[in-house]
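What follows is one structure encoded as structure tokens, with my remarks underneath.
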Amino acid sequence: MVVVTLPNGDKKEAPKGISVHSFVKDFIGAGLAKAAVFAKVNGQDVDLARPLEQDASLQIFTSKNPEAQEVARHDAAHVVADAVQRLFPGTQVTIGPSIEEGFYYDFFRDRPFTPEDLEKIEKLANEIVAQDLPFVREEVSPAAAIALFEAKGEKFKVEIINDIVAKGATTLTLYKHGDWVDFCLGPHGPSTSKIGVIKLLSSSGAYWRGDHRNAALQRIYGTAFFDKKALEAWVKQREEAAKRDHRKLGKELDLFHFHPFAPGSAFWAPKGTTLYTVLQDYMRAHTRAGGYVEIKTPLLFNKGLWEQSGHWGKYKENMFLVQDSESAELDFSLKPMNCPSHHLFYGMKKHSYRDLPLRFHTQDVLHRNEAAGALSGLTRVRQFAQDDAHIYCREDQISSEVERFVALLNRVYKDFGLSYAVKLSTRPPQRIGTDELWDRAEGALKTALEALKLPYELVPGDGAFYGPKIDFAVSDSIGRNWQLGTIQLDYVAPERFDLTYIGEDNKEHRPVVLHRAIFGSFERFIAILIEHFAGAFPAWLAPVQCVVVTVADRQAEYAKQVRDRLVGLGFRAEVDERGLSMQKKIAEAQVQKVPFTLVIGDREVEQGAVAPRRYGGEDLKTMPVDQLVALLEKEARTPMP
RNA sequence: GCCGACGUAGCUCAGUGGUAGAGCAACUGAUUCGUAAUCAGUAGGUCCCCGGUUCAAGCCCGGGCGUCGGCUCCA
């Protein structure tokens, strides 16, 4: 007999060697046994067919658990690979993991999959699902596994097996459904029908092990859901996300444009420029209030700076090099980041410990020569500006500076309605500095996070080679995550730039540098805001806050007076003077997602009033202009510190 | 950069070898209207660029540029 402990603490005795599935059916319930996808035995993922050989804790995962969805998508990857090999004999398999929203499988073959191929594959894959073939796990020796895949001509599988054997594996596992076998760690669900429904999404090129020097593979992306309804809901949500695409809305709302002569660099239309400068001014005001000073440094630097910073060696292919007309050499570069120039600026003066912390904020334009194929809308550009800052402080000031930064970041994200999660990344294997230094650095960051009572995820080994960091991932209104804010400790730069301050002891000391940003880049932050708000910005961000619409032309004079008063108070108001019907003008203000449409007819002129309508259709009824101004003061002013 | 798809009016798109089209936007005129689209007319195009095939190319072929999806998720 074995004793099985359930998550609620219940203990059950069962015959030794009983399968997980039979145990669940006999000792818990047939319903759960039917719904189960896989299990954890003593915390280890196993299939339901696995026998229970000794006392163990048991946890069952059903289609309600996200973990089970992940397993079922891995199942789906196998089924798709099976379908591909049936339809296209000679195609070799490589790997096929489940990923965030689905799965992919990489194949080796001489030509890409066409959309028609995908249709056929999807159809056959779903037929295999319907056949309800059980997934069968088998343990084999390395020699047997190699022999099996060599006989099939699966060169990539053989390579993977050899690698894993070299790492010390002695028992390998195969998973079979029907006649199709894959070398796989598992776990898998009980049978193909558990997968539900498979949908293929796209095909693309990929490289063996992600390296372009290796064989070119053909990747198929797909997803799977336990039921059709869930798939339909997911498809709908994707359509919703596509409607919010900042590239689409950027055009529709006339915010920014691109031209082939400047790939990866935006032209900001008047409305986009307004949005951009509102954000710049907002950040200026808040950093100033947070004890920062704003500085500007050159955009173009001699390579000497990059040699000193280390960029010339490590980052050169991402920099735009500029020819010096006198030397005729590419001796200059547009700056790809601000830090080196900030360090130079710090070093131009002698600093006392009394000056620290010194916080330099910069919104200068940066250029990075991103690979042509990597450019995408405003999220991946070649020219951009960061809400960048570097804090120079003593080591004992790190914790309080981090706390101060988080307080600012907290305030900023709150103003935009964004929530966030925190990650602390610690020392990577490749690093500089002593362990003692890292202990102190990581300790300082932890102290700050704990003082703030911020829950955080620890990511060991993910820090930069020059210091640990804290990252802030915000989630938007449709649940997507974006890594925006960051604060990184840097012990290297002060050495490279020989930065010092004079301490109380009248001796020179090394300051520590903190790199930090909240928006990340203005360009990417704007893209995120557009998608977060679906283009319907809150009034304080909206490029046009009020459009004045008259019922008839005879109110035009008064309409302009209203606009002039609002503009005079610093609000962004316009009159739609085109000879269109009132209804048409209102419709257009809605399409442009203007927060307030101010309707003016004879009644409003008589009363010195306006009739505002909010974006979305709420009629606020006729009100005196003074009352509108009070409303705008509340909603349409940039939140100040 | 590599793989694939795409590039037609300001925008969204139709047009697969035989005289370049629609809707919206723009412009002109009429309409002056009370909360999501008044009516009529006009104008707008090196069909991304360069070269080739053909009697004939937006369409077929080659090269370039750009955009988009991938190229990190690891049995």
Side-chain angles (χ1 to χ4, degrees), chain A residues 70 74 77-78 93-106 111-115 142 145 149 154 156-165 167 169 172-175 181-186 201-221 242 245 247-248 251-254 257-264 317 369-377 380 549-556 578-592 597-604 611-622:
Chain A
E70 219 175 283
H74 187 196
H78 279 219
V93 291
T94 68
I95 60 163
S98 75
I99 54 174
E100 215 169 297
E101 299 221 294
F103 62 88
Y104 68 78
Y105 211 116
D106 284 345
R111 57 204 168 83
F113 293 103
T114 64
F149 288 102
E154 297 284 5
F156 295 88
K157 283 289 173 194
V158 172
E159 188 181 327
I160 294 166
I161 294 167
N162 280 326
D163 278 6
I164 285 167
V165 171
K167 280 184 200 157
L172 306 178
T173 55
L174 304 178
Y175 275 86
V181 192
D182 202 356
F183 171 56
C184 179
L185 189 58
L201 303 168
S202 62
S203 62
S204 76
Y207 297 98
W208 175 235
R209 306 203 153 153
D211 189 327
H212 69 276
R213 289 165 301 193
N214 291 340
L217 306 176
Q218 302 302 330
R219 175 171 297 182
I220 292 179
Y221 281 94
D245 191 312
R247 292 167 298 197
K248 185 170 176 283
K251 247 187 240 172
E252 286 171 12
L253 303 179
D254 197 15
H257 304 274
F258 286 92
H259 191 280
F261 286 163
E317 72 254 28
N369 197 356
E370 300 288 351
L375 300 177
S376 176
R380 197 72 182 270
V549 168
T550 55
V551 173
D553 287 347
R554 62 180 173 279
Q555 296 106 13
R578 295 171 304 168
L580 303 169
S581 70
M582 177 203 69
Q583 285 89 340
K584 175 74 176 174
K585 289 179 186 176
I586 289 171
E588 230 165 84
Q590 294 298 306
V591 169
Q592 288 294 309
T597 304
L598 309 177
V599 178
I600 285 174
D602 291 337
R603 204 189 313 150
E604 283 72 26
R613 171 201 162 104
R614 279 186 191 274
Y615 171 70
E618 189 195 350
D619 186 351
L620 298 181
K621 308 293 183 206
T622 298

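Just so we're on the same page: letters track the sequence lines, and every chain starts at 1. Quick caveat, the model's predicted, so the values are computed rather than measured.
At the heavy-atom level, A/R247 lies under 4.0 Å from the strands shown only through sugar-phosphate atoms. Among the heavy atoms of the strands, none lies under 4.0 Å from A/Q555. Heavy atoms of A/K585 sit nowhere under 4.0 angstrom from any nucleic acid atom. Nucleic acid contact for A/A589: none, since no nucleic acid atom lies under 4.0 Å from a heavy atom of the residue. Counting any heavy atom pair closer than 4.0 Å across all strands shown, A/D163 reaches no nucleic acid atom. Contact annotation for A/T550: no contact, since no heavy-atom pair falls under 4.0 Å across all strands. Within the nucleic acid shown, A/G377 comes within 4.0 Å of sugar-phosphate atoms alone, with no base atom in reach, counting heavy atoms only. Note on A/I99: a base of the nucleic acid sits closer than 4.0 angstrom, heavy atoms only.
Closest to the side chain of A/P260, from the set B/rA75, B/rG34, B/rG66, is B/rG66. For A/Y104, counting side-chain heavy atoms from C-beta on, the closest listed nucleotide (B/rC73, B/rG34, B/rC71) is B/rC73. Which of B/rA75, B/rA26, B/rG34 sits closest to the side chain of A/L172 comes down to B/rA75. When each of B/rG66, B/rG1, B/rA75 is scored by its nearest atom to the side-chain atoms of A/A372, the top-ranked nucleotide is B/rG1.
Listed by chain and residue number, nothing satisfies the ring pair (Phe, Tyr, Trp, His ring centres under 6.0 Å) test with A/Y615 (two or more places apart in sequence, or in another chain). A/D553 is linked by a side-chain hydrogen bond (donor to acceptor under 3.5 Å, both in side chains) to nothing, counting only residues two or more places apart in sequence or in another chain. When the side chain to side chain contact (heavy atoms under 4.5 Å, CB included) test is applied to A/L172, the partners found at least two apart in sequence or on another chain are A/V140, A/P142, A/A145, A/I161, A/I164, A/V165, A/A169, A/F183. Taking the ring pair (Phe, Tyr, Trp, His ring centres under 6.0 Å) definition, one finds that A/Y104 meets it with A/Y221, sequence neighbours left out. Scored by the side-chain hydrogen bond (donor to acceptor under 3.5 Å, both in side chains) test, A/D106 finds A/R219 as partners (sequence neighbours excluded). Residues satisfying the side-chain hydrogen bond (donor to acceptor under 3.5 Å, both in side chains) test with A/E252, not counting sequence neighbours, are A/K248. In this view, A/F103 satisfies the ring pair (Phe, Tyr, Trp, His ring centres under 6.0 Å) rule with no residue, not counting sequence neighbours.
Atoms CE and CD, on A/M582 and A/Q555 in that order, are 10.0 Å from each other to the nearest 0.5 Å.
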Exercise. Summarise protein proximity over nucleotides 3-13 of chain B in one line of letters, 5' to 3': B for base, S for sugar-phosphate only, - for none, counting protein heavy atoms closer than 4.0 Å.
Key: BS------SS-
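The pair A/K251-A/D245 does not count as a salt bridge, with every side-chain nitrogen at least 4.0 angstrom from each carboxylate oxygen.
A/Y221 has a side-chain polar atom (N or O) that falls below the 4.0 Å cut-off from OP1 or OP2 of B/rC71. Phosphate contact (OP1/OP2 of B/rA26, side-chain N/O of A/R578, threshold under 4.0 Å): present.
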Could you list all N or O pairs between the protein and nucleotides 38-47 of chain B that sit under 3.5 Å apart?
{"from": "B/rU38", "atom 1": "OP2", "to": "A/S581", "atom 2": "OG", "distance (Å)": "3.1"}

